[in-house]
Amino acid sequence: MEYVIQQAINALSVGGEYALLALGLAIVFSIMNLVNFAHGELITLGGYAMFFAAATFVGNPVLLLPICVLTAVVAAMLFERIAFRPVRNAPATTGLLTAFGVSIVIQNALVIFVATRPKPVPVPSWMQGTMSFGGFNLPVVQILETGATVCAVAGLVLLLTRTNLGLAMRAAAKDFTVVRLMGIQANRVILGAFAVSGFLAGLAAVFILARRGAVDPLMGFTPVLKAFVACVLGGFGSLLGAAAGGLVLGILEVVLQATLPSDVAGFRDAIVFLLVGAALIWRPTGLLGTRAELGDKE
Amino acid sequence: MLSLSDVSVNYGVIQAVRGVSLNVEEGEIVALLGPNGAGKTSLVSSVVGIVPVSGGRVTFKGEDITRVPVEGIVARGLTLTPEGRRVFAGLSVAENLRLGAATRKDPVATERDLNTYLDMFPILKERYHQTASTLSGGEQQMLAIARALMSAPTMLMLDEPSLGLAPRIVDRIFELMLEMKKSGLTMLVVEQNASEALAFSDRAYVLASGSVVYEGAAKDLAASDQLMEAYLGTGVA
Ligand SMILES: Nc1ncnc2c1ncn2[C@@H]1O[C@H](COP(=O)(O)OP(=O)(O)OP(=O)(O)O)[C@@H](O)[C@H]1O
Ligand SMILES: [Mg+2]
């Protein structure tokens with residue numbers, strides 16, 4: 001029984017992590033039609049911020065967590081301001097190439113100016129322990145991650161439904177020109193979307209780093225790939241789809257990890273992608289995507 | 001209030017608007033008529049800044065707004081209800097109206113305006129929490145107009161507000177426009193429904209192939225079967 005509960009919370013936390021990352025990708029995509037492949041670098045930068053802060057002036061590892069999130073938010077906003085704004089009206093492929101460019105520049109800058117080898121990132125020791133929860137021993141990181149995901153998604157829903165900025169983001173995803181006709185600054189809406197995506201990436205980064213305990217220049221690649229797959233699975237452009245896609249992907253991975261015989265366990269990701277591919281043949285628009293959501297841009 | 005001099009709009013090599021000069025005085029309703037493809041939508045879109053002006057000058061309240069971005073033009077009090085209504089289908093009526101007022105800093109006046117427009121368009125009050133996609137075409141047009149009014153414009157351009165609507169609804173919308181005129185709003189109305197539009201407009205411009213081919217008092221144009229026939233193909237049957 002304890003094993004089942006442990007695997008369930010594991011699946012929720014991995015799924016939550018993917019959901020956070022996928023939501024960040026989806027919120028930018030839905031507004032700008034841009035797949036931000038530099039999204040993974042937000043995690044990397046958050047990690048390096050923790051490393052440098054710990055190495056210089058921050059003694060208490062708890063303080064490193066907000067530093068990570070804040071760094072990701074600021075970095076996302078800088079990406080928008082410096083890299084994506086100049087190509088905003090260019091064809092979609094230009095945006096995509098710009099995203100790859102940002103990603104490559106950051107990875108190489110870190111390789112050249114810091115190091116290729118992983119750097120340790122201290123996290124509060126209680127995060128790495130286990131806690132007793134309803135009589136079961138569960139890892140603290142996973143419980144926190146699940147909780148943080150739920151809170152972040154709830155916060156996002158509130159933002160999108162209760163604030164003018166959130167409303168404008170939802171409206172801009174459908175018809176940006178008319179949002180501007182309401183007098184709403186396009187720049188603010190887009191910057192807001194990047195800030196939100198940075199916040200979600202920063203939050204995911206905290207947990208990714210708590211698990212790995214180290215940061216390296218290329219660590220953003222796998223998470224962004226998973227988030228991308230989650231978005232495609234859920235239906236690109238749909239926020240609900242991104243969250244659902246992330247959750248399903250995480251659960252799928254954990255279930256396969258737990259049930260595959262050890263000699264094929266190495267093929268877990270291949271099997272996951274095969275299943276995702278099959279799901280897309282069955283529903284080409286993704287689980288929750290609709291034609292309108294995918295193609296209804298002017 | 002609004003003045004265009006020699007305005008052109010190009011899409012690549014296509015010249016949609018060729019050197020149009022036009023004036024709208026404060027408190028007027030001016031009709032902009034013309035056949036399909038004449039360049040009416042292109043013209044009003046360029047005035048409000050959603051397509052770039054390729055040549056000429058646009059001034060609003062004496063200020064050059066030719067290169068001002070959309071948001072800035074709306075902030076100066078000039079807005080447009082676009083062709084095809086374009087309400088935010090996934091959002092509720094309430095949310096659509098809230099977005100219209102998103103940049104206003106005067107909550108008291110905003111609330112007052114909201115109540116005024118809900119009284120003016122009772123159907124919106126009835127459907128206040130419903131998704132805009134569930135509204136009929138006429139109701140969506142009313143929502144589009146109310147949404148534009150929520151930004152407290154001093155001048156409103158309407159691009160074919162009667163498009164695809166039943167005659168009874170069209171009459172209602174034109175009545176509402178006269179009401180808005182009484183409360184001091186200046187309007188430029190793009191219409192295909194020429195004779196009806198002329199009935200409530202002060203002056204009219206006729207556009208054909210991107211150029212102004214007629215300008216004058218609305219009643220002169222409406223009264224002349226010859227003119228109507230020549231420019232709009234809608235005179236004596
Ligand atoms: N985005 C665009 N790209 C290229 N050509 C365009 C574009 N929009 C309009 N045009 C062309 O410009 C010309 C004028 O179009 P416009 O939509 O302004 O006419 P209109 O008078 O509003 O017509 P309608 O009464 O059908 O709405 C047409 O020939 C049209 O094909
Ligand atoms: Mg038109």
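So that the names make sense, note that chain A is the first sequence line, chain B the second, and so on, each numbered from 1. From a predicted model like this one, the values you see are computed outputs, not experimental measurements.
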Part of B:Val70 lying under 4.5 Å from any heavy atom of chain A: both

Side chains of B:Lys61 and B:Thr154, donor plus acceptor under 3.5 Å: yes

Distance-only donor-acceptor check, side chains A:Arg88 and A:Asn33, under 3.5 Å: no

Contact class of A:Arg180 relative to chain B, heavy atoms under 4.5 angstrom: both

Part of B:Ala102 lying under 4.5 Å from any heavy atom of chain A: both

Expected output: side-chain B:Glu95 to main-chain B:Ser92 donor-acceptor under 3.5 Å: yes

Centroid separation A:Phe236 to A:Phe29 less than 6.0 Å: yes

Contacting moiety of A:Arg188, where chain B heavy atoms sit under 4.5 Å: neither

